[in-house]
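What follows is a single structure, written as structure tokens, with notes after it.
Because the structure is predicted, anything quoted here is derived from the model rather than measured. Because only heavy atoms are used, hydrogens play no part in the values below, and waters and symmetry mates are left out as well, while side chains stay in.
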Amino acid sequence: MKKRLLVFLFIPFILIQGVLVQAENNEAPTLEDETIYYVIVEKFFNGDVSNDQKVPNDGYGGDIKGVIQKLDYIEEMGFSTIMLSSIFNDDFSNDNENLTIKEYYGTKEDLIALVDEAHKRNMKIIVDVETTMEMPNNIAEAYISLQEETDIDGYHILNIGLYPSDFWKEFINDIKSSNQNLFLLADELTIESQLEHTYNGIGFDAIVSRSYYEEASSKFVTIDLPLDTINNVFNETNNNQEQSETTVKMIDSPQTDRFTRKATALDQYPVTRIKQALVHLYTTPGAPVVLYGSEIALDGGNGIPNQLLMNFRTEKELSDYITKLSELRSTLPSLTYGDFEMLYEEDGMLVMKRTYKEETAIAVINNTSETKTVHIDTTTLEDGKELRGLLAGDLIRSDEQGYKVTIDREEAEIYVLAEKTGVNLPFMLMVFAVPALFLLFLFVNKKVHNK
């Protein structure tokens, strides 16, 4: 009990440090800074029943106004960016060379209102756009026009493999000439196509890693499988000197069966499986994307038409877990900007190290069927300190052999390396300093976001 108390007394210091790093990096925001919630609009929430008569037979009536009404819900889980599934008509022609919104999703004014409300909460809006073979020559102008009218923050461009890299270079130059800060996410929807085409180094801000999705979604749905191949994604990124783009990662995709369906098909409890996958998603390099409904272990089949309607009246176990992970990622700069090193992996037991400046974080995932113990020696972690667990409150002090990390089956922990607290930490620290530091955190955070 005393160990856990000391750990939780330490948390306000982490919060202050995270806010100061956010302020330091505030001048040049990248997608690496974001945690993204992916909304399939038609399946999310019906906020305007007046347009329901226009909804297709296989639709649920979800619309832009529904997303507006659930902004607080999304914000409370710690997400900084919302990515919307495509809400646009794809019937480009000589008479229509603009991006127009399908009637049953709402209007351009609704999109403007959504962006405005999101920006009030210091959140960003990115929208999906489908690449087709019938796009007009001036497609960049259509994207620029929509951004200028609505103030959206970026585009998630699907099926980029339909066009060569030279096309995208020109497209990106046109877009960035209009708005240098507009985020452009490239996405080739299958791993085969992504391996076939090379779009690194041509100007995209981020590339969705289908390799990560395939590995993570297949390995974390069950237990006792080796996890080293997932981390190879980051080794490849580190070795690719030409890649300047942020890696965007997801464990669930609307184009395939949901993670929950895959887990239940293997007789696994999906909540536990999702928790394990989320820890990996949030603690490895790149920007995490969480598909709507992951916070309730939503089921769903292959493709958007087979995704299910969001249910907001469920238990909060997973959503609370996501909130905690979001807090840690936003306040531990090592989890966002840090160098990555895999310290240990064997049949589902994984220990990873992230280092940024003076901060070191250790993520431990036991995705096996039994309790595991791993020793981390003093050549890897500095001697004379302690590992403070921030998910479950574990505390590990170093001894002459280093750090002995023991973790139960199907559990995970995120540690930060810190000076030993000592057994006589003044009681006054708990009574006075912790509330004062938390108030200071709120004040500094408000100042940062108001810049």
Quiz item: Cut-off 3.5 Å, side chains only: do D153 and H119 have a donor facing an acceptor?
Solution: yes
Quiz item: Does R273 use its side chain to pair, donor to acceptor, with the backbone of T222 at less than 3.5 Å?
Solution: yes
Self-check item: Check: D408 side chain, T371 main-chain N or O, donor-acceptor pair, under 3.5 Å
Solution: no
Quiz item: In Å and rounded to the nearest 0.5 Å, what is the CD1 to NZ distance from I322 to K324?
Solution: 14.5 Å
Quiz item: Distance under 6.0 Å and angle within 45° of the ring axis: does K249 meet both against Y212?
Solution: yes
Quiz item: Side chains of T260 and D299: donor-acceptor distance under 3.5 Å anywhere?
Solution: no
Exercise. Report yes or no: is the cationic atom of R313 (NZ for Lys, CZ for Arg) closer than 6.0 Å to the six-membered ring centre of Y73, at no more than 45° off its axis?
Key: no
Quiz item: Quick one: does D224's side chain have a donor or acceptor within less than 3.5 Å of a partner on S369's backbone?
Solution: yes
Quiz item: Quick check: does any side chain N or O of D252 sit under 3.5 Å from a backbone N or O of L291, one acting as donor and the other as acceptor?
Solution: no
Quiz item: Just by distance, with hydrogens left out, do T368 and N366 show a side-chain donor and acceptor under 3.5 Å apart?
Solution: yes
Quiz item: Does D257 offer a backbone N or O that forms a donor-acceptor pair with the side chain of N302 under 3.5 Å?
Solution: no
Practice problem: Inspect the surroundings of CD in E149 and state if more than 12 heavy atoms from other residues, nucleotides or ligands are less than 6.0 Å away. | Solution: yes
Exercise. Would you verify whether the NZ or CZ of K70 falls within 45 degrees of the ring axis of F312 while also being under 6.0 Å from that six-membered ring's centre?
Key: yes
Exercise. Check the pair V416, L390 against side-chain contact (heavy atoms from CB on, under 4.5 Å), reporting the backbone distance first and the verdict last.
Key: CA-CA 8 Å; V416 65; L390 303 176; 4.2 Å; yes
Quiz item: Just wondering, do Y213 and I251 contact through their side chains at under 4.5 Å, heavy atoms?
Solution: no
Quiz prompt | Salt-bridge contact E359-R354 (side-chain N to carboxylate O under 4.0 Å) | solution = no
Practice problem: For the pair E413 (side chain) and L391 (backbone), establish whether a donor and an acceptor sit closer than 3.5 Å, ignoring hydrogens and angles. | Solution: yes
Quiz item: Between OG of S334 and CZ of F340, what distance do you get to the nearest 0.5 Å?
Solution: 12.5 Å
Exercise. Give a yes or no on whether the backbone of S217 and the side-chain of E214 come within a donor-acceptor separation of less than 3.5 Å.
Key: no
Practice problem: Please round to the nearest 0.5 Å and tell me the distance separating atom CD1 of I230 and atom CG of L350. | Solution: 7.5 Å
Quiz item: Can you find a side-chain donor-acceptor pair between K316 and T323 that sits under 3.5 Å?
Solution: no
Quiz item: Below 4.5 Å, heavy atoms only, C-beta onward: do E215 and L227 meet side chain to side chain?
Solution: no
Exercise. Would you check if V279 and Y321 make a side-chain contact, meaning some heavy-atom pair closer than 4.5 Å?
Key: yes
Practice problem: Quick one: closest heavy-atom pair of P333 and Y356, and the distance? | Solution: CB-CD2, 3.8 Å
Quiz item: Would a 4.5 Å heavy-atom cut-off, applied to side chains only, mark H156 and Y38 as touching?
Solution: yes
Exercise. First locate atom OG1 of T406, then atom CG of D394, and finally report the distance between them rounded to the nearest 0.5 Å.
Key: 8.5 Å
Quiz item: Side chains of R261 and P270: does their closest heavy-atom pair fall under 4.5 Å?
Solution: no
Quiz prompt | side-chain hydrogen bond (donor to acceptor under 3.5 Å, both in side chains) evaluation trace for D33 with Y337 | solution = CA-CA 8 Å; D33 300 296; Y337 311 110; 2.3 Å; yes
Quiz item: Is there a donor-acceptor contact under 3.5 Å linking the side chains of S86 and E130?
Solution: no
Practice problem: Answer with yes or no whether the side chains of Y415 and T360 bring together a donor and an acceptor at under 3.5 Å. | Solution: no
Self-check item: pair L184-W168: side-chain heavy atoms closer than 4.5 Å
Solution: no
Quiz item: Is a side-chain N or O of S326 found less than 3.5 angstrom from the main chain of M77, in a donor-acceptor match?
Solution: yes
Quiz item: What orientation do Y292 and F44 show, parallel under 30°, tilted 30 to 60°, or perpendicular over 60°?
Solution: perpendicular
Practice problem: Mind checking the CG-CZ spacing from N138 to F171? Nearest 0.5 Å is all I need. | Solution: 11.5 Å
Quiz item: Does T107 offer a backbone N or O that forms a donor-acceptor pair with the side chain of D110 under 3.5 Å?
Solution: yes
Quiz prompt | Output field: ring centroids Y155/Y143 closer than 6.0 Å | solution = yes
Exercise. Would you sort out whether H280 and N231 count as a side-chain hydrogen bond (donor to acceptor under 3.5 Å, both in side chains), showing the intermediate values?
Key: CA-CA 10 Å; H280 194 274; N231 288 349; 2.9 Å; yes
Exercise. Give a yes-or-no answer on whether the side chains of E32 and T246 include a donor-acceptor pair shorter than 3.5 Å.
Key: no
Exercise. Compare every heavy atom of R409 with every heavy atom of E370, then report the nearest pair and how far apart it is.
Key: N-CB, 3.6 Å
Exercise. Decide yes or no on side-chain contact (heavy atoms from CB on, under 4.5 Å) for L387 and L417, but give the supporting numbers first.
Key: CA-CA 5 Å; L387 290 172; L417 186 66; 3.8 Å; yes
Quiz item: So do F204 and I157 actually touch side chain to side chain, heavy atoms under 4.5 Å?
Solution: yes
Self-check item: Test: K353 and D339 ion pair at under 4.0 Å
Solution: no
Practice problem: Run the numbers on S50 and D48 for side-chain hydrogen bond (donor to acceptor under 3.5 Å, both in side chains), then give the verdict. | Solution: CA-CA 5 Å; S50 68; D48 184 4; 2.5 Å; yes
Exercise. Look at atom CD of Q255 and say whether more than 12 heavy atoms of other residues, nucleotides or ligands are closer to it than 6.0 Å.
Key: yes
Quiz item: Backbone N or O of G293 within a donor-acceptor pair of the E295 side chain at under 3.5 Å?
Solution: yes
Quiz prompt | Heavy-atom check, side chain of M349 versus side chain of V364, under 4.5 Å | solution = yes
Practice problem: Drop me the distance from M83's CE to I40's CD1, to the nearest 0.5 angstrom. | Solution: 8.0 Å
